[in-house]
Amino acid sequence: SFPTRRSSDLSPMGPGKKGLSKAYMFQAVEDSLRRLRTDYIDLYQSHTDDPDTPLEETLEGYSRLVQDGKVRAIGASNYTAPRLAEALEVSGRPGEGPRYPRYECLQPQYNLCERAYETELEPLCRRAGIGVIPYFSLAMGFLTGKYRSEADLGKSPRGGGVKKYLNERGFGILHALDEIAARLHATPAQVALAWLMARPGITAPIASATSVTQLRELVGASTLVLDAESIAALDRVSA
């Protein structure tokens with residue numbers, strides 16, 4: 001693993017601790033370096049777009065952090081395609097050369113249940129050569145097959161967020177995962193992650209494990225290769 005921190009969060013980290021202003025970014029980096037007991041952060045991400053701060057200010061702040069050796073690369077998360085494209089343009093407008101560091105990766109919500117990323121962000125990232133590391137790759141655990149009825153929602157704190165998938169489409173996805181997993185001697189979670197890794201432009205999916213057993217299961221997805229028929233079936237049922 002490597003040090004990774006997010007410069008803005010969906011909710012304030014404390015009084016005045018929110019957003020992508022240079023002042024807050026510099027403060028947040030120093031706080032992270034102290035907590036991590038390290039001299040630099042490999043990947044520093046803008047967790048949420050900050051419409052109140054000009055992109056130039058944010059990227060200028062990142063430029064300073066990179067020049068000072070405190071940050072090596074930057075990424076974006078939860079950005080829309082238009083805002084990500086605008087940020088890329090600000091980093092290096094055509095004919096001007098690079099002005100600021102650019103976002104080298106995107107962390108979007110993307111899985112078999114949530115496929116909105118494919119509409120605009122996927123083609124943009126592929127054109128720009130941006131790495132993609134999707135979060136909620138298993139739809140908060142739904143794609144493991146753990147939640148198959150409302151009675152299962154109490155199995156974990158995330159159960160409430162899974163309720164929206166308990167519908168005809170969601171059950172169809174689980175059925176397809178079950179069939180493919182049985183045929184390939186794998187688990188539904190491994191199949192769901194393998195589907196993501198087979199998508200063009202995906203660098204690596206992010207998935208959480210709460211035990212060594214779960215970790216071994218997730219790692220097993222890295223060697224699972226889905227055939228064209230399985231990928232087509234999953235594409236179709238989750239469309």
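Owing to the predicted nature of the structure, the values given are computational and were not obtained by experimental measurement. When a residue number appears, it is its place in the shown sequence, counting from 1.
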Donor on one side chain, acceptor on other, Ser156 and Tyr147, under 3.5 Å: yes
Criterion side chain to side chain contact (heavy atoms under 4.5 Å, CB included) on Asp50 and Ser21, from CA distance to verdict: CA-CA 8 Å; Asp50 178 6; Ser21 68; 5.5 Å; no
Tyr62 and Tyr44 aromatic ring geometry - parallel, tilted or perpendicular at 30°/60° bounds: perpendicular
Side chains of Thr187 and Glu217, donor plus acceptor under 3.5 Å: yes
Atom of Ala204, atom of Pro134 and distance for their closest heavy-atom approach: O-CD, 3.4 Å
Audit row: Leu177, Leu112, side chain to side chain contact (heavy atoms under 4.5 Å, CB included) steps and yes/no: CA-CA 10 Å; Leu177 288 173; Leu112 276 165; 3.9 Å; yes
side-chain contact (heavy atoms from CB on, under 4.5 Å) partners for Asp68, two or more places apart: Arg64, Lys70
Any donor-acceptor N or O pair under 3.5 Å, side chains Asn111, Tyr165: no
Ser77 side-chain N/O to Gln107 backbone N/O, donor-acceptor pair under 3.5 Å: yes
Linked, directly or transitively: Leu215 and Ile206 (ILVMFWY side chains, under 4.5 Å): no
Separation between CD1 of Ile41 and CG of Leu33, rounded to the nearest 0.5 Å: 4.5 Å
Donor-acceptor contact below 3.5 Å, side chain Arg34 vs main chain Val29: no
ILVMFWY cluster, Leu138 and Val219 together (side-chain gap under 4.5 Å): no
Lys/Arg N to Asp/Glu carboxylate O, Glu30 vs Arg35, below 4.0 Å: no
N-O pairing of Arg148 and Asp178 below 4.0 Å: yes
NZ (Lys163) with more than 12 external heavy atoms under 6.0 Å: no
Stepwise salt bridge (Lys or Arg N to Asp or Glu O under 4.0 Å) test for Arg183 and Asp227: CA-CA 11 Å; Arg183 179 161 50 82; Asp227 54 80; 3.2 Å; yes
Side-chain heavy atoms of Pro123 within contact of Arg127, under 4.5 Å: yes
Check: Pro200 main-chain N/O paired with Arg126 side-chain donor or acceptor under 3.5 Å: no
Chi angles and distances behind the ring pair (Phe, Tyr, Trp, His ring centres under 6.0 Å) call for Tyr79, Tyr103: CA-CA 11 Å; Tyr79 270 53; Tyr103 289 131; 5.5 Å; yes
Ser91 side chain to Arg99 side chain, donor-acceptor N/O pair below 3.5 angstrom: no
Side-chain H-bond candidate by donor/acceptor type, Thr53 with Glu57, under 3.5 Å: no
Donor-acceptor contact present, side-chain Gln214 to main-chain Thr210, <3.5 Å: yes
Thr58 side chain vs Leu20 backbone, donor-acceptor pair below 3.5 Å: yes
Exam field: side chain Lys155 to backbone Lys146, donor-acceptor pair closer than 3.5 Å: yes
Side-chain touch Ile173/Cys113, heavy atoms, less than 4.5 angstrom: yes
Distance (rounded to the nearest 0.5 Å) between Leu55 CG and Arg83 CZ: 4.0 Å
Ser63 side-chain N/O to Leu59 backbone N/O, donor-acceptor pair under 3.5 Å: no
